[in-house]
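Here's the structure we're looking at; comments come further down.
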Amino acid sequence: MKKVFAILLPLMLIISTASCSQNSSSSKSLSAENVTKTQVTDFSESETEPENESSAAETESETNPVTEAKQDKEDPAEGTNYTKGTFEDGVYTNEFSDIRINIPDEMERVPDSDLQKQKQQSIAALTEDSDIIRESAVIWDSWFANNNDCMYIRFINTKKAFPDVEEITVEKMLDDNREWTDKFTADAGIVPEWKEREIISLGGEEYTRDAYTIGSDYCYLYMRRIDDDFICSISINGKSIDKTTDYYESLFE
């Protein structure tokens, strides 16, 4: 239970400008420079340099011999009712979790290959077996992004992530995320500004929301228990501070 947060907020999410911006390699934000040295998928690279993807993956495998073993874990969807979300005519739909989101025109759907590569990089950064099991039990369903902002939709199979724990609650996961975020940012001299946690409705379903800012970055994290297996996590973060929770929550049908 000490590292539930490894699932909720991989390092690339807290440095949203690095994972969303087309100029992530030149980002000079305090959080990007001082908080982490982990590899982050550059959104622009997926569009402009597709020929480098396979060679990059080969290089990572060669330089990190445990990567393949870390990623060779049981499919978190196996034996569950999970179905992957779809994206058509600007609308993301996931019937399994009753989600419909009108994705803003300026946000593009990132290819699944890049989404899975980002998950693999998150797993590859871990060293403890328990952390690897937890991160491997997360389904990275969809990712939408533009130069400034990101939206990640994930499903955490809590039975497979925490096989020795009888019940994992949304509140517990959010609490651990908050504790980790405070510690993580403190190492870089940054103090997150937390808003009051709220129970809100998205598309007629009840979610628990944590909203906070880290420097000039905003972070909105929504979580809901879907069934006995899964908790749904929707992370929205980036630089467009004028796009409030009201803006994003109005996109849900």
Side-chain angles (χ1 to χ4, degrees), residues 1-14 16 19 76-77 80-85 92-101 103 115 118-119 122 131 133-144 149-162 165-182 184 192-214 217-238 244-253:
M1 287 301 296
K2 290 164 61 177
K3 294 188 179 179
V4 173
F5 47 72
I7 287 176
L8 301 182
L9 201 62
L11 299 183
M12 65 283 295
L13 292 187
I14 210 158
S16 56
S19 58
T80 72
N81 294 320
Y82 166 79
T83 57
K84 182 174 175 57
Y92 167 84
T93 303
N94 190 297
E95 295 183 357
F96 165 66
S97 55
D98 294 325
I99 296 175
R100 280 180 59 85
I101 309 173
I103 303 300
L115 181 64
Q118 189 132 331
K119 175 182 176 178
S122 179
D131 296 340
I133 289 171
R134 288 162 182 162
E135 187 66 19
S136 298
V138 182
I139 297 173
W140 292 44
D141 184 281
S142 295
W143 174 18
F144 301 93
D149 310 308
C150 293
M151 179 187 297
Y152 288 85
I153 301 161
R154 298 183 181 84
F155 295 88
I156 303 109
N157 187 324
T158 55
K159 289 182 179 178
K160 295 181 178 180
F162 311 102
V165 181
E166 184 174 350
E167 182 181 8
I168 299 294
T169 66
V170 165
E171 287 289 333
K172 174 60 177 173
M173 296 187 80
L174 289 172
D175 286 344
D176 284 356
N177 171 67
R178 180 176 293 201
E179 179 182 347
W180 175 77
T181 300
D182 286 339
F184 189 71
E193 181 181 343
W194 294 90
K195 312 299 182 183
E196 183 178 356
R197 182 175 296 170
E198 295 188 52
I199 305 296
I200 55 95
S201 178
L202 296 179
E205 300 290 347
E206 186 178 279
Y207 286 78
T208 304
R209 180 189 69 201
D210 263 352
Y212 53 104
T213 56
I214 302 174
D217 294 0
Y218 68 85
C219 303
Y220 307 141
L221 180 58
Y222 302 85
M223 303 197 75
R224 176 169 73 92
R225 170 65 71 176
I226 302 298
D227 58 17
D228 289 342
D229 294 303
F230 286 105
I231 285 178
C232 175
S233 170
I234 302 174
S235 306
I236 303 172
N237 53 284
T244 64
T245 53
D246 288 342
Y247 168 79
Y248 281 107
E249 289 163 18
S250 71
L251 302 176
F252 287 75
E253 295 183 2

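Remark: the backbone N or O of Pro76 is paired with a side-chain donor or acceptor of Asn157 at under 3.5 angstrom. One N or O on the side chain of Lys119 and one on the backbone of Val138 form a donor-acceptor pair closer than 3.5 Å.
Asp246 CG to Leu251 CG: the interatomic distance, rounded to the nearest 0.5 Å, is 11.0 Å. How far CZ of Arg178 is from OH of Tyr212: 9.0 Å, rounded to the nearest 0.5 Å. Summarising the geometry, atom CZ belonging to Phe184 is positioned 9.0 Å from atom CD1 belonging to Ile214; distances are rounded to the nearest 0.5 Å. For the atom pair OG1 (Thr158) and CE (Met173), the distance works out to 7.5 Å, reported to the nearest 0.5 Å. A distance of 13.5 Å separates CE of Met151 from CH2 of Trp143, quoted to the nearest 0.5 Å. To the nearest 0.5 Å, the span separating CG on Leu115 from CZ on Phe144 amounts to 9.5 Å.
Using a 4.5 Å cut-off on side-chain heavy atoms (C-beta onward), Ile101 and Ile153 make contact. When side chains are defined from C-beta on, Lys84 counts as touching Asp141, because their heavy atoms get closer than 4.5 Å. Taking 4.5 Å as the limit, every side-chain heavy atom of Glu249 sits out of range of all side-chain heavy atoms of Ile236. Between Ile156 and Met223, the closest side-chain pair of non-hydrogen atoms falls below 4.5 Å. Side-chain contact check for Thr181 versus Trp194: some heavy-atom pair is nearer than 4.5 Å. Two residues are said to be in side-chain contact when any heavy atoms from C-beta on lie closer than 4.5 Å; Ser233 and Leu221 meet this criterion. A heavy-atom distance below 4.5 Å is found between the side chains of Val170 and Ile231.
Heavy-atom minimum distance, Ile99 versus Ile234: CD1-CD1, 4.1 Å. Ser97 approaches Arg224 most closely through the heavy-atom pair O-NH2, 2.5 Å. A pairwise comparison of heavy atoms in Gly85 and Asn94 identifies N-ND2, 3.2 Å as the closest pair.
When each of Tyr220, Tyr222, Tyr218 is paired with Tyr248, the side-chain hydrogen bond (donor to acceptor under 3.5 Å, both in side chains) condition holds for Tyr218 and for no other.
With a 6.0 Å radius and a threshold of 12 heavy atoms from other residues, nucleotides or ligands, Glu95 has its CD atom at or below the threshold. For CG of Asp227, the number of neighbouring non-hydrogen atoms (other residues, nucleotides, ligands) closer than 6.0 Å is greater than 12.
Ring geometry, Tyr82 versus Phe230: the interplanar angle falls from 30° to 60°, so the pair is classed tilted.
Remark: Arg154 is positioned above the aromatic ring of Tyr152, its terminal NZ or CZ atom under 6.0 angstrom from the ring centre and at most 45 degrees off the axis.
Using a cut-off of 4.0 Å between Lys/Arg side-chain N and Asp/Glu carboxylate O, Asp131 and Arg134 are scored as salt-bridged. A salt bridge links Lys172 to Asp176: one of the charged nitrogens lies within less than 4.0 Å of a carboxylate oxygen.
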